Number of protein chains: 2
Amino acid sequence: MTEKLYTIGELAKELDITSRSIRFYEESGLLNPTRNGQNRVYKKKDKVRLKLVLRGKRLGFSLAETKTLFDLYDSHQNSEAQLETMLQMTEQKRAVMTQQLEDIQALMMELDEVEARCKDELTTIKRGKIA
Amino acid sequence: MTEKLYTIGELAKELDITSRSIRFYEESGLLNPTRNGQNRVYKKKDKVRLKLVLRGKRLGFSLAETKTLFDLYDSHQNSEAQLETMLQMTEQKRAVMTQQLEDIQALMMELDEVEARCKDELTTIKRGKIA
DNA sequence: CTTATCCTTTACGTTAACGTAAAGTGAGAT
DNA sequence: ATCTCACTTTACGTTAACGTAAAGGATAAG
């Protein structure tokens with residue numbers, strides 16, 4: 001069973017980003033694809049990493065933050081200091097996400113209201129047109 | 001009952017941002033405080049707006065997007081086109097937030113795992129120290 | 001053989017969201 | 001009176017995350 005490989009273009013298309021972005025993430029130390037000659041070759045593992053980067057972005061992580069997490073995760077040294085740094089970061093992120101959850105819920109409710117009003121208004125307008 | 005008023009510094013301190021940011025938001029058309037001479041005077045309504053801007057930021061809204069929403073909300077013209085634009089935007093944002101919710105849940109679970117491992121490792125290390 | 005389509009590197013350009021410094025105004029305390 | 005402090009405007013600087021153009025190499029199709 002041979003592993004599935006990707007070119008940069010394929011990955012870009014599939015994840016709906018540009019090749020430039022992928023190269024930039026590599027420049028930033030977030031990816032390390034192998035090479036076939038001068039061309040980059042991405043494996044499943046690389047794709048997973050890339051997806052993690054994108055998820056991080058959606059959640060408001062900077063590339064630098066994501067890199068720190070990757071580095072911590074990669075270095076399997078697990079020194080006491082490292083672990084505590086890790087726990088500290090997770091704690092912090094948890095707080096941010098909790099806040100985000102609150103924000104999302106609040107905004108969702110407001111969107112519901114706005115939507116209801118809009119639809120109300122629209123039907124009123126249309127009734128006017130009929131009459 | 002006289003309404004409570006704020007200076008820019010008070011607002012900045014309370015919301016933990018800089019005065020510069022608040023001025024920048026005004027420059028961007030998001031705020032319109034009254035003046036006492038040359039000094040800005042903020043009322044409750046302005047504070048609410050500012051809070052909305054900050055919540056928007058936490059959710060990944062650009063200032064431009066927030067402004068568009070404010071403008072749509074402010075202009076009470078409620079033309080059919082306007083309303084449909086509004087509905088379209090809310091729909092779009094709802095999608096983004098749904099994605100964010102998924103992302104948060106996924107990450108939360110991973111954080112749980114990481115935390116568990118870290119704590120495990122730490123107690124192991126400490127047991128080693130005792131022995 | 002050339003045309004097209006990927007890929008590559010190098011390097012300068014761009015945008016958002018402020019930071020920061022300079023220079024000045026107005027009110028209150030000493 | 002002058003000092004201090006919070007406010008003001010103007011304007012240039014900064015950072016992240018790419019965009020984009022230039023110039024070229026490799027491979028498959030016509």
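The sequence lines fix the lettering, A, B, ..., with proteins before strands; numbering per chain opens at 1. Model, not experiment: these values are computed from the prediction.
In this structure, the separation between OH on Tyr42(A) and CG on Leu50(A) is 8.0 Å, given to the nearest 0.5 Å. To the nearest 0.5 Å, atom CG of residue Leu31(B) and atom CZ of residue Arg40(B) are 9.5 Å apart. How far OG of Ser21(B) is from CG of Asp16(B): 10.5 Å, rounded to the nearest 0.5 Å.
Along DNA chain D, the nucleotide closest to Arg20(B) and the one closest to Ile8(B) are compared, and the more 5′ of them pairs with Ile8(B). Comparing Ser21(B) and Glu27(A) against DNA chain C, the residue whose closest nucleotide sits nearer the 5' end is Glu27(A).
Within 4.0 Å (heavy atoms only), Ser62(B) reaches sugar-phosphate atoms of the nucleic acid but no base atom. Residue contacts shown for Ser19(A) are absent, as no nucleic acid heavy atom lies under 4.0 Å away. Among the protein residues, Thr7(A) comes within range of the sugar-phosphate backbone only, with heavy atoms under 4.0 Å from sugar or phosphate atoms but none that close to a base.
Glu10(A) places its CD atom 17 Å from the P atom of dT5(C), with the value rounded to the nearest Å. Following rounding to the nearest Å, Tyr6(A) (OH) and dC6(C) (P) show an atom-to-atom distance of 19 Å. Rounded to whole angstrom, the span from the CD atom of Gln38(A) across to the C1' atom of dT8(C) amounts to 4 Å.
Of all the heavy atoms in Glu10(B) and Leu5(B), the pair that sits closest is OE1-O, 3.8 Å. Contact record, Ala12(A) with Ser19(A): CB-N, 3.9 Å, taken as the closest heavy-atom pair.
Heavy atoms from other residues, nucleotides or ligands lying under 6.0 Å from CD of Gln99(A) number more than 12.
Note: the hydrophobic cluster containing Phe61(B) does not contain Phe24(B) (ILVMFWY, side chain heavy atoms under 4.5 Å, direct or indirect links).
Summary of helix geometry: the two end axes of the helix from dC1(C)-dG30(D) to dT30(C)-dA1(D), each defined by five base pairs via their C1' atoms, are inclined to each other by 10° (rounded to 10°).
Here chain B contacts DNA chain D (any atom closer than 4.0 Å to a heavy atom, that is under 4.0 Å), and the contacts span dC7(D) to dA11(D) from 5' to 3'.
Between the Glu3(B) side chain and the Lys44(B) main chain, a donor and an acceptor come within less than 3.5 Å of each other.
Considering only side-chain N and O atoms, Arg40(A) lies nowhere under 4.0 angstrom from the phosphate OP1 or OP2 of dC6(C).
A heavy-atom distance below 4.5 Å is found between the side chains of Leu122(B) and Leu87(A).
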